[in-house]
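Below, read A as the first sequence line, B as the second, and so on, with proteins coming before strands; counting in each chain starts at 1.
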There are 2 protein chains.
Amino acid sequence: MQSHTPSRTGRPRSAAADEAILEATRAALVDLGWSKLTLGDVATRAGVAKTTLYRRWAGKNELVVDAVAVLFDELELPDRGSLAADIEGVVLQFAAILDRPETKTALMAVVAESTRDAPLRERIRTSIVDRQKRLVLEGRARAERRGELPVPADPCVAAETADLIFDVAAGAVVHRTLVSAEPVDADWVRRFTALLLGGLAAASE
Amino acid sequence: MQSHTPSRTGRPRSAAADEAILEATRAALVDLGWSKLTLGDVATRAGVAKTTLYRRWAGKNELVVDAVAVLFDELELPDRGSLAADIEGVVLQFAAILDRPETKTALMAVVAESTRDAPLRERIRTSIVDRQKRLVLEGRARAERRGELPVPADPCVAAETADLIFDVAAGAVVHRTLVSAEPVDADWVRRFTALLLGGLAAASE
DNA sequence: CAGTTACGCTACGACCCGTAGCGAAAGCGC
DNA sequence: GCGCTTTCGCTACGGGTCGTAGCGTAACTG
């Protein structure tokens with residue numbers, strides 16, 4: 001969120017307004033998409049003055065990041081018994097979130113903006129990307145406990161491998177969904193997982 | 001381009017103006033980025049009236065796609081002797097194009113817009129994406145001639161595999177560059193290629 | 001109650017959009 | 001050469017969004 005240090009005195013900021021604004025932002029993203037979304041319209045939908053919106057967020061970019069970030073909270077890594085099943089499960093979850101119209105149009109737009117805005121990039125990293133990356137680390141740790149993956153000797157190499165896996169998995173799903181515009185269905189996920197696990201097995205030999 | 005059927009009579013459209021506009025668009029992307037780029041500014045930079053710009057392109061999206069598309073013309077697939085070397089070469093080329101400031105800020109922006117604009121998505125596909133995908137098909141055909149990959153029995157499965165490889169490769173490079181904001185250097189490409197080839201080998205067994 | 005902060009509302013200049021209208025320029029067929 | 005057609009540069013315009021300033025009111029604290 002926007003990390004406003006709450007002062008001890010004075011009228012407190014309405015928490016209900018916060019949620020109403022974020023909800024209105026998601027609704028506006030569904031109806032209008034990124035480019036036609038205006039802050040005035042969001043304020044009207046939320047039943048809030050436009051000035052209130054500007055008091056809490058610096059601009060459209062930051063607002064949309066916060067509005068979309070909560071959708072990634074539902075990402076979990078339930079234990080499905082094997083590394084392959086775990087991967088397939090989390091990839092399907094990620095694809096489902098990315099298939100929503102509000103994330104589809106918003107995510108790549110804010111990433112594009114972040115190429116010229118370092119603070120925005122940091123905000124995206126902490127509130128969205130790191131939540132995804134955590135799943136990769138958890139999945140590997142679980143696979144090591146199962147004995148499906150060897151415990152890495154060099155932790156530095158292990159970190160690089162985790163980053164590689166993350167970029168490959170997240171990138172592939174995003175590219176399939178947004179660029180190729182084809183569905184990430186169970187069949188595709190199965191083939192992708194087979195490719196990924198095969199590559200991991202070959203690399204650790 | 002914008003596929004304007006040239007009429008036999010009347011004053012012909014200036015081809016020099018076309019190139020000046022696209023060049024000005026790329027320069028404006030470098031200076032201003034996607035969101036702050038305005039068509040009026042592009043027209044001024046190109047030494048062209050704003051109305052001329054609107055006569056040739058429907059809007060900002062289409063213009064930027066055309067301006068960036070030509071940068072992907074330099075993508076080639078020189079024979080480096082092995083499938084691994086071919087992959088590493090083309091991935092490094094793709095990463096180099098994507099590292100330019102004009103493509104970095106523009107590509108994801110137009111992809112984000114294309115989620116709500118089917119004609120734009122088709123334009124991106126034909127003028128940018130298909131040029132990349134072609135390299136995957138050529139690379140595989142070459143590897144089959146070398147005997148590095150088995151000739152697929154089912155052409156339908158082969159097409160699906162090619163699509164998968166394409167989404168994985170392009171997606172990984174894009175994600176690494178734009179989301180993780182870390183360099184696609186020779187070391188990363190080597191590790192990615194090893195992962196991909198290992199997965200391919202495991203899948204064809 | 002006084003002090004402080006957030007809120008809703010209005011109004012404002014600045015900017016960009018996309019289009020219309022005009023006269024001039026550059027080709028083609030005769 | 002002379003019309004015809006299309007594009008060009010230019011100006012001007014209504015409409016929309018931006019981000020901010022100002023002001024009176026509401027909410028909470030000590």
Side-chain angles (χ1 to χ4, degrees), chain A residues 1-25 28-29 31-64 105 109-110 113 116-117 119-120, chain B residues 1-25 28-29 31-64 66 105-106 109-110 113 116-117 119-120:
Chain A
M1 203 62 57
Q2 57 274 21
S3 76
H4 169 258
T5 47
S7 55
R8 300 309 255 139
T9 174
R11 175 177 178 176
R13 286 191 171 174
S14 164
D18 257 343
E19 192 44 51
I21 292 171
L22 294 179
E23 174 61 34
T25 304
L29 279 174
D31 290 351
L32 308 173
W34 162 266
S35 60
K36 296 186 178 177
L37 180 146
T38 69
L39 294 195
D41 182 62
V42 171
T44 304
R45 286 171 187 255
V48 159
K50 192 173 60 165
T51 45
T52 298
L53 228 154
Y54 279 100
R55 286 192 192 98
R56 309 192 182 191
W57 283 277
K60 188 170 161 178
N61 295 331
E62 291 77 7
L63 172 63
V64 170
T105 188
V110 293
E113 291 302 306
R116 320 199 107 243
D117 186 341
L120 179 63
Chain B
M1 201 62 56
Q2 55 274 20
S3 76
H4 169 257
T5 46
S7 54
R8 297 313 249 141
T9 173
R11 177 176 176 174
R13 286 193 173 172
S14 163
D18 257 344
E19 192 44 51
I21 291 172
L22 294 179
E23 175 62 33
T25 304
L29 279 174
D31 290 350
L32 308 173
W34 163 266
S35 60
K36 296 185 178 177
L37 179 146
T38 68
L39 295 194
D41 183 63
V42 170
T44 304
R45 286 172 187 255
V48 158
K50 193 172 59 165
T51 45
T52 298
L53 228 155
Y54 279 100
R55 285 192 193 99
R56 307 191 183 194
W57 284 278
K60 188 170 162 177
N61 295 331
E62 290 77 7
L63 172 63
V64 170
D66 287 354
T105 189
V110 293
E113 291 301 310
R116 318 199 110 244
D117 187 341
L120 178 63

Test side-chain contact (heavy atoms from CB on, under 4.5 Å) applied to S35(A) - qualifying residues, sequence neighbours left out
E113(B)

Quick one: side-chain contact (heavy atoms from CB on, under 4.5 Å) partners of S14(A), sequence neighbours excluded?
A16(A), A17(A), R56(A)

Closest non-hydrogen atoms of V42(B) and A28(B), given as atom of the first, atom of the second and distance, are CG2-CB, 4.2 Å

Within residues 37-48 of chain A, which residues have any heavy atom lying less than 4.0 Å from an atom of DNA chain D?
T38(A), L39(A), G40(A)

Determine the contact category for T51(A): base if any of its heavy atoms lies under 4.0 Å from a base atom, sugar-phosphate if only primed atoms, P, OP1 or OP2 are that close, otherwise nothing.
base

Could you give the CG-to-C1' distance, from L32(B) to dC16(C), as a whole number of Å?
13 Å

Between atom CG in N61(A) and atom C1' in dG19(D), what is the gap in whole Å?
15 Å

Separation of dC18(D) P from W57(A) CH2 (nearest whole Å):
16 Å

Donor-acceptor pair under 3.5 Å, K50(B) side chain vs dG18(C) base:
yes

Measure CG/L53(B) against C1'/dG9(D) and give the value in whole Å, please.
13 Å

Using modelled atom types and a 3.5 Å cut-off, is there a donor and acceptor pairing between side-chain atoms of T105(A) and backbone atoms of W34(A)?
yes

Walk me through it: do V64(B) and W57(B) pass the test side chain to side chain contact (heavy atoms under 4.5 Å, CB included)?
CA-CA 10 Å; V64(B) 170; W57(B) 284 278; over 6 Å; no

Any residue meeting side-chain contact (heavy atoms from CB on, under 4.5 Å) with T9(A), in chain and number order, not counting sequence neighbours
none

Ignoring hydrogens and geometry, is there a side-chain-to-backbone donor-acceptor pair from T25(A) to I21(A) under 3.5 Å?
yes

Length of the line joining R13(B):CZ and dG9(D):P, which is rounded to integer Å:
12 Å

Is a side-chain donor or acceptor of K60(B) paired with a backbone partner of L37(B) at a separation under 3.5 angstrom?
yes

Just jot down the salt bridge (charged side-chain N to carboxylate O under 4.0 Å, His left out) partners of D41(A), sequence neighbours excluded, or say none.
R45(A)

R55(A) vs K36(A), nearer the 5' end of DNA chain D by closest nucleotide:
K36(A)

May I have the distance from Y54(B) (atom OH) to dG21(C) (atom P), rounded to whole angstrom?
18 Å

Mind calculating the distance between CG (D18(A)) and P (dA6(C)) to the nearest angstrom?
12 Å

Quick test: give all pairs of protein nitrogen or oxygen and nucleotides 25-28 of chain D nitrogen or oxygen below 3.5 Å, distance rounded to 0.1 Å.
residue, atom, partner, partner atom, Å
dA26(D), N3, R11(A), NH1, 3.2
dA27(D), O4', R11(A), NE, 3.4

